[in-house]
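FYI, the numbering just counts along the sequence from 1. Computed from a predicted structure; not experimentally measured. We use all heavy atoms of the structure for the numbers below, so side chains are in, but hydrogens, waters and symmetry mates are not.
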Amino acid sequence: MALRGVWQLQKLVVSYCDWGGSSRGIRAFMESNLPTLKEKNPQLDVVTELIRGQHPHLKAFYKNHNQRVVCVKNMTPEEILLHATRLRNALGRKVIKLRTRHVTKHPSVQGTWTTALKF
């Protein structure tokens, strides 16, 4: 995703094994979908990395120095393309858990509205 017109994903590393059965989908992805992904995203640096004896994964490096790793073992090329586009569209921010359902910087002086109010 672009933040103020700048794509946040800098580099996408595709790690795979040339022998393992869990890398079958990512090897097919590299033959069929990876060239089109590179053509459609010229701002993105896509690197392939051969690691033997390990499960395949996608590693994304963002401009805010965060990184995300997605395991893609035993996935089809279409599912891997979906994960790659989700990594491209993400901002790279850390996921934070919301403590309450209602989040605001300026809470109400009167209190939050509930259905149990009696007049």
So which pairs with a foot in residues 6-29 pass salt bridge (Lys or Arg N to Asp or Glu O under 4.0 Å), sequence neighbours left out?
Asp18-Arg52
Please go through Tyr62's hydrophobic cluster and name the other residues, only I, L, V, M, F, W, Y counting, with side-chain heavy atoms under 4.5 Å joining them.
Leu9, Leu12, Val14, Tyr16, Ile26, Phe29, Met30, Leu34, Leu37, Leu44, Val46, Leu50, Leu58, Val70, Val72, Met75, Ile80, Leu81, Leu87
Sequence neighbours excluded, every pair satisfying side chain to side chain donor-acceptor pair (under 3.5 Å) that has a member inside residues 30-44:
Asn41-Arg88
Single hit among His57, Gln67, Glu49 for side-chain contact (heavy atoms from CB on, under 4.5 Å) with Val13
Glu49
Taking side-chain hydrogen bond (donor to acceptor under 3.5 Å, both in side chains) as the definition, give me every residue that meets it alongside Asn66, ordered by chain and number, with sequence neighbours left out.
none
For Gln54, all residues meeting side-chain contact (heavy atoms from CB on, under 4.5 Å), sequence neighbours excluded:
Ile51
Any side-chain heavy-atom pair from Cys17 and Pro56 closer than 4.5 angstrom?
no
At their closest point, which heavy atom of Ala28 faces which heavy atom of Pro77, and how far apart are they?
CB-CG, 3.7 Å
Residues 54-75 vs salt bridge (Lys or Arg N to Asp or Glu O under 4.0 Å), sequence neighbours excluded, gives none
Determine whether more than 12 heavy atoms belonging to other residues, nucleotides or ligands lie under 6.0 Å from atom NE2 of His55.
no
Donor-acceptor contact present, side-chain Gln10 to main-chain Gln8, <3.5 Å
no
Walk me through it: do Val47 and Phe61 pass the test side-chain contact (heavy atoms from CB on, under 4.5 Å)?
CA-CA 11 Å; Val47 179; Phe61 294 95; over 6 Å; no
